[in-house]
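The next block holds one structure in the form of structure tokens; read it before the comments.
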Amino acid sequence: MPLRLYNTLSGKVEDFHPIDANRVRMYACGPTVYDYGHIGNFRTFIAVDLLYRFLRQSGYDVRYVMNITDVDDKIIRNAARDGVTVQQYTAKFTQAFLEDSAILNIEKPLLVRATEHIDEMADFIAQLEKKGFAYRTDDGSYYFRIAKFPAYGKLSKKDFAGMTDGARVDVDEYEKDSARDFALWKAPKPGEAFWETAIGPGRPGWHIECSVMSMEELGPSFDLHAGGEDLIFPHHENEIAQSESLSGQQLAHDWFHVRFLLVEGQKMSKSFGNFFTLRDLVLRGHKPSSIRWLLTQVPYRNQLNFTFDGLKSAASSVEKLRNFRFRLTSTQFAAGSNPAITQLAGETAARITSALNDDLNTAEAQGAIFDMLRKANTALDADEVHNDDAKALLATLEKFDEIFSVLKDDDQPKMKSILDWARAEGTEKAKEISPELLEIAGSTQLSDEQINQKLSEMEAARKSRNFKASDALRKELTDAGIIVENTKDGVRWRRK
RNA sequence: GGCGCGGUAGCCAAGUGGUAAGGCCGAGGUCUGCAAAACCUCUAUCGUGAGUUCGAUUCUCACCCGCGCCUCCA
């Protein structure tokens, strides 16, 4: 079964076939780096990350490009306000975005920055003007002439023929031919940053960067273009207008849009007090793996309600997966195989693939892995799993994790890095550090050596049936965040 | 007003024209020196009304409710 994806352009779920055999070229609209990324941003980036990972797992050679919008009105304004250059202002948040992405196990795409393509944008606009799609106004700004591009509205399904100028647009603000015409290039404003280019001084409009950079990195026509649902209009509609009027080719074949999330049942907004960055959540003591898991639980086209209950629930689910792997990797199995178990592993892998092929149905895929867990754990309890079966189960689990990426237990160092960041930021941020975070990341951690020392002491005590001493050691370890399990295969431990 | 999405157990959330995955939480139980892990059992008739059908949660219509985009926004 081939991958099927919903395509905003056609409004249908379609079979996905790359233009160029086995190569997939995809472009995702990345962050505007004027602040720390919030969980809504990361829902989108994680959804696209899943798509990227699944395409690769499916055998495609994927070229995945993401832009960093490091110039826009807000950035220029904030930089001016703070008395720093645009570059200085954005460097910090670009870095933060990269760190946050790494913390969430988002794989790094090929990143391209708007400010490194200003001249190409000017050139692109000059070509549009030459072809009659763009015009210059007296103040030195450039606009796209929508009337010249009849397909305008095809992505967002808007009918511009019936729209009246002035309804919701301030017609008087600029001397545009039509209120719907959008800015390609904005003339400088006093006291704000601008670039000197072949088409004059100024700064690029928002949409032009993606047209320029996607074409440069992927060619005039490529497979997938992704982003948050809000970008459908006007951003992507405008990209299409710019790119296609110049190239005469279809910009992207598939348009992949991720739905907005809700937080505690409401649209995330600073005024509702439900606006959270990744760092806010970690400061509250939530693990990155819980956050990633919660954000992948609901298929990307459905509204996801992000709640703190859900976050706790996600933590338990991830624990369950990790425990299962721990069990598989720390148990001594008898040689040979049990066909029923090997078959279970194979069928589960197939179920997962088939769920993801179905427009990335992550909920279905997760259901499948937990079905396997329950059955396999039952078999493990009954000693019916042999060495080859354990390998097969592990292979399926790891294949699952190639997509979801929550198994690796590295939350502690990641949380520590956020803790250090908050302390370095100063007292305002430091105040947000929760006891929960300190417990996981901030307490003095025992080294593996110390732990093993205590474990052997504990084992000795248990052998001599000195349970009082054994319990004391257990408590000591538990307080240090170490969970010790005594199984028939011996002792094993993990960090909380 | 235009376009679109959704309402499934305490919470989150899949899914199908033939009586409903999974996760979390809760209760009880098994195992266990303790603990942990794991397993078992229990907890829904799918917003409301009508229609189509042998049969609808799944299709159609109406209504109610929630949400998104149409303006900066992932």
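Throughout, protein chains are lettered first and strands after them, A, B, ... in sequence-line order, and every chain is numbered starting at 1.
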Q) A:Arg259: what forms a side chain to side chain contact (heavy atoms under 4.5 Å, CB included) with it, not counting sequence neighbours? A) A:Arg43, A:Glu229, A:Gln303
Q | Residues in side chain to side chain contact (heavy atoms under 4.5 Å, CB included) contact with A:Gln297, at least two apart in sequence or another chain | A | A:Trp293, A:Leu294, A:Gln366
Would you classify [X] as touching base, sugar-phosphate or nothing, given that sugar-phosphate means primed atoms plus P, OP1 and OP2, and contacts are heavy atoms under 4.0 Å?
X        : answer
A:Asp73  : nothing
A:Lys320 : sugar-phosphate
A:His257 : nothing
A:Pro31  : nothing
A:Leu261 : base
A:Ile483 : sugar-phosphate

Can you name the atoms? Protein N/O to nucleotides 40-42 of chain B N/O, anything below 3.5 Å, with the distance.
none

For the [atom1] atoms, the ones on [N] and on [M], what distance do you get once it is rounded to whole angstrom?
N     : M     : atom1 : answer
B:C69 : B:U52 : C1'   : 34 Å
B:C59 : B:C72 : C1'   : 41 Å
B:A37 : B:A74 : P     : 40 Å
B:U71 : B:C3  : P     : 16 Å
B:A56 : B:A20 : C1'   : 13 Å
B:A44 : B:A38 : P     : 25 Å
B:C67 : B:C61 : P     : 24 Å
B:U57 : B:C65 : P     : 24 Å

Please tabulate, for the side chains in residues 149-156 of chain A, all donor-acceptor contacts under 3.5 angstrom to protein atoms that are two or more places apart in sequence or on a different chain.
residue  : atom : partner  : partner atom : Å
A:Tyr152 : OH   : A:Asn238 : OD1          : 2.4
A:Lys154 : NZ   : A:Glu244 : OE1          : 2.8
A:Ser156 : OG   : A:Glu237 : OE1          : 2.5

Do [X] and [Y] have a side chain donor and acceptor closer than 3.5 Å?
X        : Y        : result
A:His386 : A:Asp389 : no
A:Ser405 : A:Asn105 : yes
A:Arg474 : A:Asn486 : yes
A:Asn78  : A:Tyr89  : yes
A:Glu264 : A:Asn274 : no

Q: Starting from the 5' end of RNA chain B, give me the residue, A:Thr487 or A:Thr32, whose nearest nucleotide shows up first.
A: A:Thr487
**Q.** Whichever of A:Ala363 and A:Lys375 has its nearest RNA chain B nucleotide further upstream toward 5'
**A.** A:Ala363
Q: Indicate whether OP1 or OP2 belonging to B:U71 is found under 4.0 Å from a side-chain N or O atom of A:Arg180.
A: yes
Q) Reckon A:Asn377 has a side-chain N or O less than 4.0 Å from the OP1 or OP2 of B:A38? A) no
Length of the line joining [X]:[atom1] and [N]:[atom2], which is rounded to integer Å:
X        : N     : atom1 : atom2 : value
A:Ile352 : B:G22 : CD1   : C1'   : 12 Å
A:Phe370 : B:A37 : CZ    : P     : 14 Å
A:Trp293 : B:G22 : CH2   : P     : 14 Å
A:Asn238 : B:C73 : CG    : P     : 11 Å
A:Phe306 : B:C67 : CZ    : C1'   : 18 Å
A:Leu262 : B:G68 : CG    : P     : 7 Å
A:Phe324 : B:C39 : CZ    : C1'   : 13 Å
A:Arg327 : B:C39 : CZ    : C1'   : 9 Å

Q: Quick one: which residue pairs count as a salt bridge (Lys or Arg N to Asp or Glu O under 4.0 Å) with a foot in residues 372-384 of chain A, not counting sequence neighbours?
A: A:Arg327-A:Asp381, A:Asp371-A:Arg374
Q) Between B:A37, B:C69, B:A38, which nucleotide has the shortest distance from any of its atoms to the side chain of A:Lys267? A) B:C69
**Q.** Among B:G23, B:A74, B:U71, the nucleotide that comes nearest once only the side chain of A:Phe233 is considered
**A.** B:U71
Q: Look at atom CZ of A:Phe326 and say whether more than 12 heavy atoms of other residues, nucleotides or ligands are closer to it than 6.0 Å.
A: yes
**Q.** More than 12 heavy atoms of other groups within 6.0 Å of A:Lys108 NZ
**A.** no
Q: For the residue pair A:Thr331 and A:Val385, establish whether any side-chain heavy-atom pair is separated by less than 4.5 Å.
A: no
Q.
Tell me if a side-chain donor or acceptor on A:Asp223 pairs with a main-chain N or O of A:Met26 at a distance below 3.5 Å.
A. no
Check: protein-nucleotides 25-29 of chain B nitrogen or oxygen pairs below 3.5 Å:
none

(Q) Applying salt bridge (charged side-chain N to carboxylate O under 4.0 Å, His left out), can you list everything that pairs with A:Arg4, at least two apart in sequence or on another chain? (A) A:Asp15
At a cut-off of 3.5 Å, list every protein nitrogen or oxygen paired with a nitrogen or oxygen from nucleotides 31-33 of chain B, distance to 0.1 Å.
residue : atom : partner  : partner atom : Å
B:G33   : O6   : A:Arg462 : NE           : 2.8
B:G33   : O6   : A:Ser470 : OG           : 3.4
B:G33   : N1   : A:Asp471 : OD1          : 3.1
B:G33   : N2   : A:Asp471 : OD1          : 2.9
B:G33   : N2   : A:Asp471 : OD2          : 2.5

Q | A:Trp206: ring pair (Phe, Tyr, Trp, His ring centres under 6.0 Å) partners, not counting sequence neighbours | A | A:His235
(Q) The criterion is ring pair (Phe, Tyr, Trp, His ring centres under 6.0 Å); which residues satisfy it with A:Phe54, sequence neighbours excluded? (A) none
(Q) Between A:Tyr143 and A:Phe182 (judged by ring centroids, cut-off 6.0 Å), do the two rings come close enough to count as a pair? (A) no
Q | Pair A:Phe306 and A:Phe42, ring centroids less than 6.0 Å apart | A | no
Q | Secondary structure of RNA chain B in dot-bracket form (Watson-Crick or G-U wobble, distances below 3.5 Å, | marking inter-strand pairs) | A | (((((((..(((.....[...))).(((((.......)))))....(((((..]....))))))))))))....
What nitrogen or oxygen pairs link the protein and nucleotides 3-12 of chain B at under 3.5 Å?
residue : atom : partner  : partner atom : Å
B:C5    : O2'  : A:Arg259 : NH1          : 2.8

Q) A:Phe260 on top of B:G68's base, within under 5.5 Å and under 30°? A) no
Q: Apply side-chain hydrogen bond (donor to acceptor under 3.5 Å, both in side chains) to the pair A:Thr137 and A:Asp139, showing each step before the final yes or no.
A: CA-CA 6 Å; A:Thr137 54; A:Asp139 69 339; 2.6 Å; yes
